[in-house]
Amino acid sequence: MDRLIEAIENAQNPSVVGLDPTPALVPPQVVASFADEVRDSVEDPAEIPAAQLAVAYFEFNRTIIDAVADIVPAVKPQIAMYEAIGPAGVDVYTMTCEYAQQQGLYVLGDIKRGDIGSTAAAYAGHLSGVANADSGNEPFDPWHEDAVTVNPYLGTDGITPFTDAAAAADKDIFVLVRTSNPSSKELQELDLADGGKLYERVADLVEGWGSGSIGRHGYSRVGAVVGATHPEEGAALRERMPHTFFLVPGYGAQGGTAAGVAGMFDADGSGAIVNSSRGIIGAWKKTGEYRDDMSANEALALAASAARKAAQDMRDDLRVNVYR
Ligand SMILES: O=c1ccn([C@@H]2O[C@H](COP(=O)(O)O)[C@@H](O)[C@H]2O)c(=O)[nH]1
């Protein structure tokens, strides 16, 4: 977690931009502009729509990354948005992660994996890379992620492969503890027979899973996902999990605020990074400046300037509320 914490300190900005493209969030003329290129490069016509969307996603992501790279320390691509369009989308996910790392950003892959130990070990390839016999078994890293999100529902044997891979590769994981969505209460707020709530028990496990990997700044490699939509619980978790860094989604589009997340930071203004996805990459839709007759380049320029402004506003909002 040290690399992330130092990147946040350098940027003086504890926020991460979520790269969650959807057909509705990418200006239509950008998608249309790749029609000829894709038609010439794809063998099966049935692949054209997905391939066209995939190329447009990459061009859009590159534009957003270029617009915010000097403002934010990190990006969080959500793999579901890429998997939704098939293999071409997964390629664009990895290309996006690689491009973001090349621009000096910490890449937090939101992949939310979790399974029995043997299968979790395969998923942990996101961190450890893929064995490559052609290069003397030097692992090849096709994913370009600095951290991934993990689902703890299967317990310790589903987590250990990720913590082992993270330690070996000097990377991090973020485990779901208190998620931002409305239905999270159905399971996470369940009362335990011996007192407390289920999410509090998960919190204790997460703090324990990280106890052997505490870094220079007092936080372990095992972070927690804590939704911005739970301000009081998030503040209590901050006390309960002193060595666990928080990834805080739910700011903006889901209603979370900077004042609400302030209690999830420690006394030094560290300990958490706040995510916004739609609020940044979809900011162009709220400018009132978009026109259907814009060229693809004009639409991308608008998306870039709107995302930059939204990222600056979020940074300033967090600075005022967190660095009190
Ligand atoms: O509890 C959680 C865990 C993950 N997420 C993810 O974060 C982003 C939020 O997107 P917004 O557009 O800023 O709402 C998205 O990728 C979610 O899958 C979360 O929201 N809550």
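First listed ligand is number 1; within each ligand, the first listed atom is number 1. All residue numbers in this chain count up from 1 along the given sequence.
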With heavy atoms of [X] as the reference, note each atom of ligand 1 found under 4.0 Å away.
{"X": "Thr179", "value": "1 (O)"}
{"X": "Lys76", "value": "6 (C), 7 (O), 8 (C), 15 (C), 16 (O)"}
{"X": "Ser276", "value": "13 (O)"}
{"X": "Pro249", "value": "1 (O), 2 (C), 3 (C), 4 (C), 5 (N), 7 (O), 19 (C), 20 (O), 21 (N)"}
{"X": "Asn275", "value": "7 (O), 8 (C), 9 (C), 13 (O)"}

- Message: Heavy-atom distances under 4.0 Å decide this one: backbone, side chain, both or neither, for Asp110 against ligand 1?
- Response: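 Only the side chain of Asp110 comes within reach of ligand 1.
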- Query: Is Arg238 close enough and on-axis enough to Phe265, meaning under 6.0 Å and within 45°, for cation-pi?
  - Reply: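 Not flagged: Arg238 not positioned over aromatic ring of Phe265.
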- Message: Tell me if the CZ atom of Arg201 is crowded by more than 12 foreign heavy atoms within 6.0 Å.
- Response: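 No - once you tally the heavy atoms of other residues, nucleotides and ligands closer than 6.0 Å, there are 12 at most.
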- Among side-chain atoms of Tyr219 and Asp2, is any donor-acceptor pair under 3.5 angstrom?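 Per modelled atom types, Tyr219 and Asp2 side chains form no pair under 3.5 Å.
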For [atom], closest protein heavy-atom neighbour:
{"atom": "atom 12 (O) of ligand 1", "result": "Arg278 NE, 2.6 Å"}
{"atom": "atom 4 (C) of ligand 1", "result": "Lys112 NZ, 3.2 Å"}
{"atom": "atom 10 (O) of ligand 1", "result": "Ser277 OG, 3.3 Å"}
{"atom": "atom 1 (O) of ligand 1", "result": "Ser180 N, 2.8 Å"}
{"atom": "atom 9 (C) of ligand 1", "result": "Gln254 NE2, 3.5 Å"}
{"atom": "atom 18 (O) of ligand 1", "result": "Gln78 NE2, 2.9 Å"}
{"atom": "atom 15 (C) of ligand 1", "result": "Asp20 OD2, 3.2 Å"}

- Query: When Asp146 is tested against each of Lys171, Arg3, Lys76 for salt bridge (charged side-chain N to carboxylate O under 4.0 Å, His left out), which residue passes?
  - Reply: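 Considering Lys171, Arg3, Lys76, a salt bridge (charged side-chain N to carboxylate O under 4.0 Å, His left out) with Asp146 is found only for Arg3.
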- Should Ile173 and Ile214 be regarded as members of a common hydrophobic cluster, given that ILVMFWY residues are connected when their side-chain heavy atoms come within less than 4.5 Å of each other, either directly or indirectly?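 No, separate clusters.
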- Same cluster or not: are Leu25 and Val30 linked, directly or through other Ile, Leu, Val, Met, Phe, Trp or Tyr residues, by side-chain heavy atoms under 4.5 angstrom apart?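 Looking at the clustering, Val30 is in the same group as Leu25.
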- Task: Measure from the side-chain N and O atoms of Ser33 to the backbone N and O of Ala296, and report whether any donor-acceptor pair falls under 3.5 Å.
- Result: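 Side chain of Ser33 to backbone of Ala296, a donor-acceptor pair under 3.5 Å: no, none is there.
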- Using salt bridge (Lys or Arg N to Asp or Glu O under 4.0 Å) as the criterion, list what pairs up with Asp91, not counting sequence neighbours.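 Result, salt bridge (Lys or Arg N to Asp or Glu O under 4.0 Å) vs Asp91: none returned.
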- Message: For Asp70, give me all partners under salt bridge (Lys or Arg N to Asp or Glu O under 4.0 Å), at least two apart in sequence or on another chain.
- Response: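 Result, salt bridge (Lys or Arg N to Asp or Glu O under 4.0 Å) vs Asp70: Arg308.
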